[in-house]
Amino acid sequence: MVQWGIVGCGNIANKFASDLKLVPNANIQAVASRNLDKAKIFADNVNAAHAYGSYEELFKDKNVTVVYIATPHNNHADLSIQAMKNGKHVLCEKPLGINETQVKAMVNMSKKNNVFLMEGLWSRFNPTIKKVKHLIQEGEIGDLHYLKADFAFYGLHKDKNGRLLNIDLAGGSLLDIGLYPVFLAYLFLGKPKKIMATSNFYSTGIEVQTSIIFHYKNAQAILYSGLNSTTETSAEFSGSKGSIKIPTRWHEAQSYILNSSEKTTSVSMPTKGNGFTYEIEEVQNCILENKIESKLWSHQNSIDLAYLLDTIRKEAGVIFPFEE
């Protein structure tokens with residue numbers, strides 16, 4: 001049995017805990033929040049054995065095998081490193097770190113302490129996205145020349161001190177949801193030869209919408225994220241022989257549509273639970289096989305993604321106060 005500890009008791013942590021119950025050999029040993037009462041309520045809801053009022057207490061729980069970190073972005077690096085120093089394996093919600101420097105420090109700690117570390121990019125393990133990647137690799141739509149992916153919703157009504165709109169918490173659209181389109185272009189086309197990006201900003205200082213072009217030798221990717229309007233949030237792959245579309249909300253894909261010169265085929269691939277089960281299974285399998293990283297989303301993949309996000313932010317002028 002793999003014993004999990006959950007750090008942070010927000011909405012994402014609740015969905016993750018719900019999916020943990022669907023995975024064989026997974027058990028929630030402990031949860032932690034800076035507010036003990038909140039931790040106790042969460043623990044009761046998910047049937048966790050222990051509730052802690054500090055993260056450090058959970059990291060020192062000898063019965064916890066692996067820690068899932070679901071706190072605001074600005075805490076990811078510090079908490080992951082603390083957990084690994086205590087010998088815990090770590091699955092940390094995306095983004096793994098705020099920047100490439102943080103991600104490299106986290107990877108170094110994973111290697112130093114010989115513990116597993118992975119960025120919680122659940123879309124990488126989504127069955128539809130894996131299937132679409134396989135189809136394109138097999139030449140189903142010919143050579144891939146164009147990729148389009150967007151992710152945007154209206155979020156300006158939310159608390160200005162919350163993680164989404166607060167610049168001190170590394171808020172904004174890019175690291176929260178723009179990361180997904182960037183990840184998709186990287187997964188299918190690799191690192192681009194040139195990056196162009198522009199952002200608009202909100203009164204709190206966060207970027208509120210960002211448009212990105214990845215330029216490759218024989219392809220381009222058009223990417224977008226935003227918090228001031230809602231977009232279709234779909235993904236399109238266009239090749240020399242056809243195209244594939246993943247309908248709205250592509251990052252938690254449930255189906256795809258294959259268009260060729262001969263016919264259009266729609267394939268349904270509904271996920272289990274909330275969609276976290278696939279990355280949970282990958283983490284557990286890696287830990288049981290004594291691996292410190294996943295082949296599907298490796299340490300280097302996270303470093304590359306952080307580099308791309310850093311480059312986009314530099315191009316668009318997105319800087320957080322604690323980086324200045």
Side-chain angles (χ1 to χ4, degrees), residues 8 10-16 69-76 92-99 103 119-126 128-129 147-160 162-188 195 197-202 204-214 221-236 246-254 271 274-276 279 297 301-302 304-306 308-313 315-316 318 320:
N11 185 48
I12 292 177
N14 188 60
K15 290 181 178 179
F16 184 88
I69 293 175
T71 60
H73 303 155
N74 59 313
N75 292 325
H76 286 183
C92 179
E93 259 307 324
K94 53 78 192 165
L96 191 58
I98 297 299
N99 50 48
V103 172
E119 186 171 19
L121 250 173
W122 68 334
S123 300
R124 176 63 184 97
F125 308 94
N126 177 283
T128 295
I129 292 176
L147 185 153
K148 187 278 298 182
D150 65 299
F151 192 164
F153 60 84
Y154 188 82
L156 300 185
H157 61 290
K158 295 182 180 291
D159 180 5
K160 290 186 177 181
R163 66 172 187 84
L164 200 61
L165 303 180
N166 188 338
I167 195 168
D168 293 319
L169 300 181
S173 79
L174 183 61
L175 293 191
D176 194 67
I177 54 178
L179 174 148
Y180 284 108
V182 173
F183 145 78
L184 197 70
Y186 168 72
L187 181 66
F188 282 83
I195 294 175
T198 181
S199 295
N200 281 332
F201 294 83
Y202 188 52
T204 61
I206 57 118
E207 52 75 33
V208 71
Q209 57 182 168
T210 297
S211 294
I212 307 156
I213 298 176
F214 278 8
I222 311 299
L223 316 171
Y224 175 79
S225 66
L227 298 173
N228 57 2
S229 67
T230 300
T231 62
E232 186 180 17
T233 307
S234 62
E236 180 183 347
I246 303 178
T248 190
R249 299 165 42 99
W250 70 263
H251 70 294
E252 53 185 20
Q254 308 290 307
T271 56
N274 296 303
F276 290 99
E279 71 171 3
W297 192 251
N301 292 148
S302 287
D304 288 348
L305 181 60
L308 294 173
L309 292 168
D310 282 358
T311 305
I312 292 165
R313 291 205 290 126
E315 179 78 9
V318 180
F320 301 118

Distance-only donor-acceptor check, side chains Asn301 and Tyr186, under 3.5 Å: yes

Less than 4.5 Å apart, any side-chain heavy atom of Phe214 and any of Ile195? yes

Any non-hydrogen side-chain atom of Ser302 less than 4.5 Å from a side-chain atom of Trp297? yes

Determine whether Thr204 and Asn166 make a side-chain contact, defined as any pair of heavy atoms from C-beta on separated by less than 4.5 Å. no

I'd like to know if the side chain of Glu232 reaches the main chain of Thr248, judged simply by a donor and an acceptor atom lying under 3.5 Å from each other, with no hydrogens or angles considered. no

Under the criterion side chain to side chain contact (heavy atoms under 4.5 Å, CB included), I'd like the reasoning laid out for Arg124 against Leu187: C-alpha separation, chi angles, the key distance, then a yes or no. CA-CA 8 Å; Arg124 176 63 184 97; Leu187 181 66; 3.4 Å; yes

Indicate the atoms forming the closest heavy-atom contact of Ser123 with Ile129, along with that distance. O-CD1, 3.4 Å

Which atoms form the tightest heavy-atom contact between Leu165 and Leu227, and what is the distance? CD2-CD1, 4.2 Å

Does any part of the side chain of Tyr202, heavy atoms only, come nearer than 4.5 Å to the side chain of Lys160, both counted from C-beta? yes

Measure the shortest side-chain to side-chain distance between Ile213 and Ile222 over non-hydrogen atoms and say whether it is less than 4.5 angstrom. yes

Hey, is the main chain of Leu174 close enough, under 3.5 Å, to the side chain of Glu207 for a donor-acceptor pair? yes

Closest heavy-atom contact between Pro181 and Tyr224? CG-O, 3.8 Å

Side chain to side chain, Arg163 and Asp176, heavy atoms closer than 4.5 Å: yes

Fit a plane to each ring of His157 and Tyr154, take the angle between them on a 0 to 90° scale, and name the class: parallel (under 30°), tilted (30 to 60°) or perpendicular (over 60°). parallel

Tell me the closest heavy-atom pair linking Leu179 and Pro95, and the distance in Å. CD1-CB, 3.6 Å

Just by modelled atom types, is the Thr71 backbone N or O under 3.5 Å from a matching donor or acceptor in the His76 side chain? yes

Without swapping roles, check the side chain of Arg249 against the backbone of Thr233 for a donor-acceptor pair under 3.5 Å. no

Looking only at non-hydrogen atoms, find the nearest pair between Val182 and Leu223 and report the distance. CA-CD1, 4.0 Å

With a 4.5 Å cut-off on side-chain heavy atoms, are Leu305 and Glu119 touching? yes

Can you name the closest pair of heavy atoms from Ser225 and Gly178 and give their distance? CB-CA, 3.3 Å

Do any N or O atoms from the side chain of Thr231 and from the backbone of Asp150 form a donor-acceptor pair under 3.5 angstrom? no

Partners meeting side-chain contact (heavy atoms from CB on, under 4.5 Å) with Asn274 (sequence neighbours left out): Lys15, Ser18, Asp19, Phe276

Side chain Glu236, main chain Lys148, donor-acceptor under 3.5 Å: no

Under a 3.5 Å cutoff, is there a donor and acceptor pairing between the side chains of Thr128 and Gln254? no

Are Gln209 and Ser173 close enough that a side-chain donor and a side-chain acceptor fall under 3.5 Å? no

Decide yes or no on side chain to side chain contact (heavy atoms under 4.5 Å, CB included) for Tyr180 and Glu252, but give the supporting numbers first. CA-CA 10 Å; Tyr180 284 108; Glu252 53 185 20; over 6 Å; no

With the side chain counted from C-beta on, respond yes when Phe320 and Leu175 share a heavy-atom pair under 4.5 Å apart, and no when they do not. yes

Can you check whether His73's main-chain N or O pairs, donor with acceptor, with Lys94's side chain at less than 3.5 Å? no

